[in-house]
There are 2 protein chains.
Amino acid sequence: MVQITDTFKALGDPTRVQILSLLAHEDMTIGQVVDQFDMTRAGVKKHMNLLQKGGLIRVRANGRERINSLNPEGFKTVSEWVRYYDQFWDDKLNALKNLIESETSNDKQ
Amino acid sequence: MVQITDTFKALGDPTRVQILSLLAHEDMTIGQVVDQFDMTRAGVKKHMNLLQKGGLIRVRANGRERINSLNPEGFKTVSEWVRYYDQFWDDKLNALKNLIESETSNDKQ
DNA sequence: TCCATATGAAACCAAAAGGTATCTCTTATA
DNA sequence: TATAAGAGATACCTTTTGGTTTCATATGGA
């Protein structure tokens, strides 16, 4: 099971966000990702592991290759989490609106 | 200026996510937050600093008190970031749909 | 079969992060 | 005007993280 903090932790690093942006254009093997960075294969692999743990990418095998692609699940999790707080702002604004309206009606008394 | 990775980094820790959930119910001073955790004041303060750096909370002064509240900006940033990838999925699904349709029309030839 | 290539994993290191103890500063209030 | 309460900052310690080097495994092709 993916923890929400694992997803956010995976997103909390510039290199990993860049990798996601690469994968948004095309699926890639680790080798292809390595070509885009000044970093060791093993270093990139660690980032990929964290992205996978966060549910943001998935891997399919093709012979001796491992092809990495974006995983909708992780993004959906983030989207839903942030939507909870959107609701929070809506409620707060409504409460403020109601308060103002009731004060206005008090003025009329 | 707030970097998106600072926002995600701030969200990548269970304690900080809990603090946000507390602040969603009511604004709090650090002292009030400390009462909810088995942690030093200085420890909580560090978390608050990171949340502020990520644009997720803001602080207003009231006498000797500092009152912390949620900051819409940070949440908006996350929401917009994830929306970019929503668009990505939509495009991908449309491409798939177009592919299927063109193959179907080929069959008719 | 032999070798080049794509991969995974472990050991190791320096830097960053989570946390505490301690000190200083400011502001209510007795 | 003392003094207690709320806050911030620094030094310090331990754990985690970002990164490399190195070794082992699997697969495609000459």
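These numbers were taken from a predicted model, which means no experiment stands behind them. Sequence lines set the chain letters: A, B, ... in the order given, protein chains first and strands last, and positions in each chain run from 1.
- The shortest non-hydrogen separation linking L70(A) to W89(B) is CB-CH2, 3.3 Å.
- The separation between L11(B) atom CG and dA17(C) atom C1' is 16 Å, rounded to whole Å.
- Distance K45(B) NZ to dG18(C) P: 15 Å, rounded to the nearest Å.
- Using a 4.0 Å cut-off between a side-chain N of Lys or Arg and a carboxylate O of Asp or Glu, R60(A) and D27(A) qualify as a salt bridge.
- Looking at which nucleotide of DNA chain D each of L50(A) and N68(B) is closest to, the 5′-most match is held by N68(B).
- The side-chain hydrogen bond (donor to acceptor under 3.5 Å, both in side chains) analysis of residues 47-57 of chain A, with sequence neighbours excluded, yields the pairs R16(A)-H47(A), K45(A)-N49(A).
- Shown are F88(A), Y84(A), W81(A); of these, the side-chain contact (heavy atoms from CB on, under 4.5 Å) with F75(B) is made only by W81(A).
- Spacing between atom NZ of K9(A) and atom C1' of dT16(D) amounts to 8 Å, rounded to whole angstrom units.
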Side-chain polar contacts of residues 30-44 of chain A - donor-acceptor pairs under 3.5 angstrom, sequence neighbours left out - could you list them?
from	atom 1	to	atom 2	distance (Å)
Q32(A)	OE1	T29(A)	N	2.8

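- Between E65(A) atom CD and dA4(C) atom P the separation is 19 Å, expressed in whole Å.
- The heavy-atom pair separating T7(B) from L56(B) by the smallest distance is O-CD1, 3.9 Å.
- Not a single side chain to side chain donor-acceptor pair (under 3.5 Å) links D86(B) to another residue, sequence neighbours left out.
- The minimum heavy-atom distance between I19(A) and L51(A), with the atom names listed, is CG2-CD1, 3.8 Å.
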Contact list (N/O, under 3.5 angstrom) for nucleotides 25-30 of chain D vs protein:
from	atom 1	to	atom 2	distance (Å)
dT27(D)	O2	R64(A)	NH1	3.2

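- The shortest non-hydrogen separation linking K9(B) to G12(A) is CE-O, 3.0 Å.
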Original post:
Can D13(B) and F8(A) be said to form a side-chain contact (heavy atoms from CB on, under 4.5 Å), step by step?
Top reply: CA-CA 8 Å; D13(B) 178 275; F8(A) 283 130; over 6 Å; no
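- Contacts with DNA chain C (heavy atom under 4.0 Å) in residues 16-34 of chain A: T29(A), I30(A), G31(A), listed by number.
- Interatomic distance, D90(B) CG to R83(B) CZ, rounded to the nearest 0.5 Å: 12.0 Å.
- Note: CE (M48(B)) to C1' (dG18(C)) measures 16 Å, nearest angstrom.
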Protein N or O to nucleotides 19-21 of chain C N or O, pairs below 3.5 Å:
from	atom 1	to	atom 2	distance (Å)
dG19(C)	OP2	H47(B)	NE2	2.4
dG19(C)	N7	K46(B)	NZ	3.0
dG19(C)	O6	K46(B)	NZ	2.2
dT20(C)	OP2	T40(B)	N	2.8
dT20(C)	OP2	T40(B)	OG1	2.7
dT20(C)	O5'	T40(B)	OG1	2.9

